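Structure record follows, encoded as structure tokens.
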Protein chains: 2
Amino acid sequence: MRTTVKDVAKAVGLSTTTVSLVLNNKPNRIPEATRKLVLKAAKELNYRPNHIAVSMVTKKTHTIGLILPDISNLYFSELAKVIEEQCHKYGYNVLYGNTNGTLEHEFEYLNLFVDRSVDAVIMTVSSNYSETDVKRLYEIGETNNVPIMMVDRTLDDPRFMSVLLDQKLGGFLATSYLINLGHKKIACITGPKNLRISIERLEGYKSALGDAGLPFDRSLVIEGDFSVDSGSRALPYILGQNATAVFSLNDMMAIGVYRECRRYHLSIPQDLSIVGFDDIFIDEFLEPPLSTIAQPVQEIGKYAVKKMMSVLEGKKNPCTDAGDTKIFKPALKVRGSALKFTEKKQI
Amino acid sequence: MRTTVKDVAKAVGLSTTTVSLVLNNKPNRIPEATRKLVLKAAKELNYRPNHIAVSMVTKKTHTIGLILPDISNLYFSELAKVIEEQCHKYGYNVLYGNTNGTLEHEFEYLNLFVDRSVDAVIMTVSSNYSETDVKRLYEIGETNNVPIMMVDRTLDDPRFMSVLLDQKLGGFLATSYLINLGHKKIACITGPKNLRISIERLEGYKSALGDAGLPFDRSLVIEGDFSVDSGSRALPYILGQNATAVFSLNDMMAIGVYRECRRYHLSIPQDLSIVGFDDIFIDEFLEPPLSTIAQPVQEIGKYAVKKMMSVLEGKKNPCTDAGDTKIFKPALKVRGSALKFTEKKQI
DNA sequence: TTGTATGCGTTATCAA
DNA sequence: TTGATAACGCATACAA
């Protein structure tokens with residue numbers, strides 16, 4: 001059996017109050033003598049506070065809930081790692097759940113975590129929320145007094161803190177790069193079309209096209225679902241449109257394009273230039289290494305928990321403070337998956 | 001504020017006992033009338049039990065602690081996903097921690113989780129344990145009455161449940177495949193040399209060599225650390241030994257070999273055949289797709305939590321039951337990274 | 001069929 | 001400087 005405060009108290013012949021006082025370094029003026037006595041006994045009995053009991057009275061669990069679409073996804077597993085590491089630094093543990101991108105699971109985990117009295121929730125919403133859904137989400141946070149932070153993807157509601165990426169800029173960067181390489185027919189494989197990040201990245205694509213005086217051609221855009229397979233499925237269509245380059249809204253679909261290109265005996269970048277999005281670790285090991293838009297995952301994760309901690313320490317009010325949406329800038333990472341359009345012609 | 005049993009009781013004019021009784025479907029004969037009344041009130045007030053308070057009295061948190069070396073590692077992130085999903089099915093949540101392979105962190109998280117009264121711990125130990133360490137680990141589980149399960153890697157102590165892979169068989173399979181392809185000089189890039197899985201996989205390598213009447217040549221073995229970089233670093237040495245094939249004890253190092261081969265303008269499998277270990281998802285998208293030893297991660301994860309659940313439900317005693325070590329069989333997955341030795345000569 | 005009282009391990013209030 | 005005692009939200013033995 002674990003030793004409790006009672007055991008320690010009994011061992012030193014003092015009350016549990018006194019023991020609790022010294023163990024928690026309370027400002028009460030406890031004489032050094034009894035102080036040492038208690039500390040010694042606690043150590044000898046290997047006393048460790050029962051966290052559940054502490055939570056019961058303090059109303060703090062020092063636990064945060066992390067709700068992610070899929071932790072086996074490279075981007076999220078890295079994010080999960082940073083977040084856990086950072087939380088650990090602050091003395092917080094993390095409870096996590098995979099939603100597989102469904103709204104039901106998002107709410108299910110949110111409720112589950114809130115039932116377990118997590119101090120905060122960090123989540124990336126992956127489905128479409130109706131106004132009612134947003135309201136429901138907000139109310140869960142409100143009535144349980146747990147701050148909710150959106151990371152990577154957000155809801156259109158200023159009441160939630162958000163830590164995001166400038167998705168549009170990413171789309172712009174990728175597309176501009178391809179344009180500067182001389183490509184005119186640049187296809188775009190999107191994510192689910194109603195998804196915010198999908199829309200924003202596509203906007204960047206359009207905007208780059210516009211800046212270059214190139215027309216936006218709807219037939220060059222094909223919808224995917226961020227999976228490798230959907231990337232593969234998109235290739236035949238893209239080829240049919242005579243595109244010479246493609247901007248894939250994430251790296252997984254780009255990998256799908258790679259795979260399908262091999263089946264068609266097409267080589268990247270000679271036959272098709274491609275730029276992805278995310279910069280997952282595997283990119284540099286692909287053949288050719290995939291050029292992509294890099295998200296500063298480490299910084300995003302660090303910022304997210306730092307911000308959350310300051311909220312939990314009461315330094316910030318998540319609902320009223322300005323600047324509650326932090327937007328990180330992505331960067332183009334040039335590797336070897338895109339070639340000048342002219343070079344292509346020479347082959 | 002959240003509604004409590006008291007609120008519900010007050011609302012229906014009954015005692016908290018009655019409310020608790022119906023809410024938990026206790027076998028007390030509660031008349032359908034009051035039953036419905038309570039249920040209705042609970043629903044209207046949106047009552048959700050405070051999990052912390054429940055744990056306080058039931059001594060069960062329905063939480064398991066998952067201690068992994070690195071959740072951003074492809075193998076572990078997949079394992080973490082299965083485990084979380086399975087736990088979720090059983091109504092359990094998971095608290096997780098990254099140890100980065102250090103003994104201190106393993107103990108730190110174990111203590112942390114035990115302080116939080118997790119019902120069980122599933123961990124993969126990644127460092128070397130002295131006898132004292134093993135004893136300490138065991139005692140933590142014992143005094144807190146939390147079953148500890150080792151997954152993927154184990155300690156040499158029958159008191160812990162273990163869910164493992166037949167590592168030696170994996171090494172044997174990979175090496176035999178290369179031997180059957182006609183290779184005589186097969187290098188081996190190992191993991192940290194004192195690590196159990198490293199030793200076991202190497203034993204499989206030796207055993208395959210022995211079965212084929214091939215000599216075990218120590219100079220063909222080079223130590224890595226399971227990272228991509230260590231795979232890259234190993235290549236020049238392997239080339240220097242005139243090896244025509246290499247068995248990499250994990251896929252990450254194999255990826256390192258791929259990368260380094262490109263720098264040397266060597267092609268796989270024409271210039272060098274290679275077989276990895278793990279079957280991480282990216283393997284099939286590499287060029288050429290990496291042949292490897294596949295671990296049934298899904299099954300391993302499912303089995304692990306199923307077993308743990310049966311222990312928690314008291315159907316099994318983790319310390320006395322026989323067969324507490326389950327060993328899964330790996331399988332060779334042939335893709336395109338190895339070629340017949342003779343074909344190589346023809347090129 | 002339902003209510004009272006108690007306890008889980010801890011912190012907090014207030015008195016001594 | 002220290003110790004009763006209450007309280008956190010719930011489940012449960014026992015009583016009514």
Side-chain angles (χ1 to χ4, degrees), chain A residues 1-39 41-42 45-63 114-119 143-146, chain B residues 1-39 41-42 45-63 114-119 143-146:
Chain A
M1 282 298 292
R2 266 175 92 97
T3 54
T4 69
V5 258
K6 263 187 194 159
D7 299 325
V8 179
K10 200 169 294 172
V12 295
L14 288 170
S15 75
T16 60
T17 307
T18 312
V19 173
S20 175
L21 252 26
V22 346
L23 258 24
N24 292 312
N25 291 316
K26 288 293 169 180
N28 287 48
R29 304 215 133 282
I30 307 256
E32 203 50 28
T34 55
R35 199 183 144 65
K36 286 225 165 119
L37 193 69
V38 170
L39 254 21
L45 295 173
N46 190 28
Y47 171 75
R48 313 194 106 242
N50 178 323
H51 203 272
I52 297 280
V54 175
S55 298
M56 189 77 201
V57 24
T58 62
K59 301 289 173 199
K60 297 262 162 276
T61 54
H62 282 255
T63 301
V114 144
D115 288 350
R116 281 159 191 261
S117 311
V118 294
D119 293 341
T143 80
N144 293 283
N145 194 32
V146 357
Chain B
M1 281 299 292
R2 266 175 92 98
T3 54
T4 70
V5 259
K6 261 187 195 161
D7 299 325
V8 179
K10 200 169 295 172
V12 294
L14 289 169
S15 75
T16 60
T17 308
T18 310
V19 173
S20 176
L21 252 27
V22 346
L23 258 24
N24 293 310
N25 290 315
K26 289 294 169 179
N28 287 46
R29 304 214 134 282
I30 308 256
E32 203 48 30
T34 55
R35 196 182 147 64
K36 285 225 167 120
L37 193 67
V38 170
L39 255 20
L45 295 173
N46 190 29
Y47 170 74
R48 311 196 108 241
N50 178 323
H51 204 272
I52 297 280
V54 174
S55 298
M56 191 74 202
V57 22
T58 62
K59 301 290 174 197
K60 297 262 161 275
T61 54
H62 282 256
T63 301
V114 144
D115 288 349
R116 280 158 193 263
S117 310
V118 294
D119 293 341
T143 82
N144 292 284
N145 193 33
V146 357

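Labels below follow one simple rule: chain letters A, B, ... track the order of the sequence lines, proteins then strands, and each chain is numbered from 1. Predicted model, so just to flag it, every value in this text is computed and none were measured. Below, each value reflects all heavy atoms present in this structure, side chains not excepted, and no hydrogens, waters or symmetry copies.
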Round to the nearest Å and state the distance from A/Asn144 atom CG to D/dC8 atom C1'. 16 Å
Between C1' on D/dC8 and NZ on A/Lys60, what's the gap in Å once rounded to a whole number? 14 Å
Interatomic distance where CG belongs to A/Leu37 and C1' belongs to D/dT2 [whole Å]: 14 Å
Look at A/Tyr47 and C/dT10 and indicate whether a side-chain polar atom (N or O) is within less than 4.0 Å of OP1 or OP2. yes
To the nearest Å, give me how far apart NZ (A/Lys10) and C1' (D/dG3) are. 16 Å
Least distance between heavy atoms, B/Val146 atom then B/Val114 atom: CG1-CG2, 3.8 Å
Please report the distance, rounded to the nearest Å, between CG in A/Leu23 and C1' in C/dA12. 16 Å
Roughly how many Å is it from CG in B/Leu21 to C1' in D/dG9, rounded to a whole number? 16 Å
Using a 6.0 Å cut-off, check whether atom CG of A/Asn145 has over 12 heavy atoms from anything other than its own residue. no
Determine whether A/Asn25 and A/Arg35 satisfy the following criterion, side-chain contact (heavy atoms from CB on, under 4.5 Å), listing intermediate values before the conclusion. CA-CA 10 Å; A/Asn25 291 316; A/Arg35 199 183 144 65; 3.6 Å; yes
Please state whether the phosphate of C/dT2, meaning OP1 or OP2, lies under 4.0 angstrom from any side-chain nitrogen or oxygen of B/Thr34. yes
Considering every strand and a 4.0 Å limit on heavy-atom distances, what is the contact class for A/Leu14: base, sugar-phosphate, or nothing? sugar-phosphate
Under 4.0 Å between a side-chain N/O of B/Lys26 and OP1 or OP2 of D/dT12, yes or no? yes
Identify the pairs formed between an N or O of the protein and an N or O of nucleotides 6-8 of chain C at a distance under 3.5 Å, and give each distance.
from  : atom 1 : to      : atom 2 : distance (Å)
C/dC8 : O3'    : B/Lys59 : NZ     : 2.7

For the side chain to side chain contact (heavy atoms under 4.5 Å, CB included) test, which of B/Thr34, B/Val19, B/Leu23 pairs with B/Leu39? B/Leu23
A/Ile52 has an atom CD1; how far is it from atom P of D/dC10, in whole Å? 14 Å
Whichever of A/Asn24 and B/Thr17 has the more 5' nearest nucleotide on DNA chain C, that residue is B/Thr17
Counting the atoms with a prime plus P, OP1 and OP2 as sugar-phosphate, which does A/Ser55 contact under 4.0 Å by heavy atoms, base, sugar-phosphate, or nothing? nothing
When you check the phosphate oxygens OP1 and OP2 of D/dG3, does a side-chain N or O of A/Ser15 lie under 4.0 Å from one of them? yes
Between D/dC10 atom P and A/Asp115 atom CG, what is the distance in whole Å? 10 Å
Nucleotide of D/dC10, D/dA11, C/dG3 approaching B/Ser20 most closely (side-chain heavy atoms): D/dA11
At less than 4.0 Å, is any side-chain N or O atom of A/Thr18 found next to OP1 or OP2 of D/dT1? Yes or no. no
Over all atoms of both residues, closest heavy-atom pair of B/His51 and A/Arg116: NE2-NH2, 3.4 Å
Between the side chains of A/Thr18 and A/Ser15, is a donor N or O closer than 3.5 angstrom to an acceptor N or O? yes
Shortest non-hydrogen contact between B/Ala41 and B/Val8, atoms and distance: CB-CG1, 4.2 Å
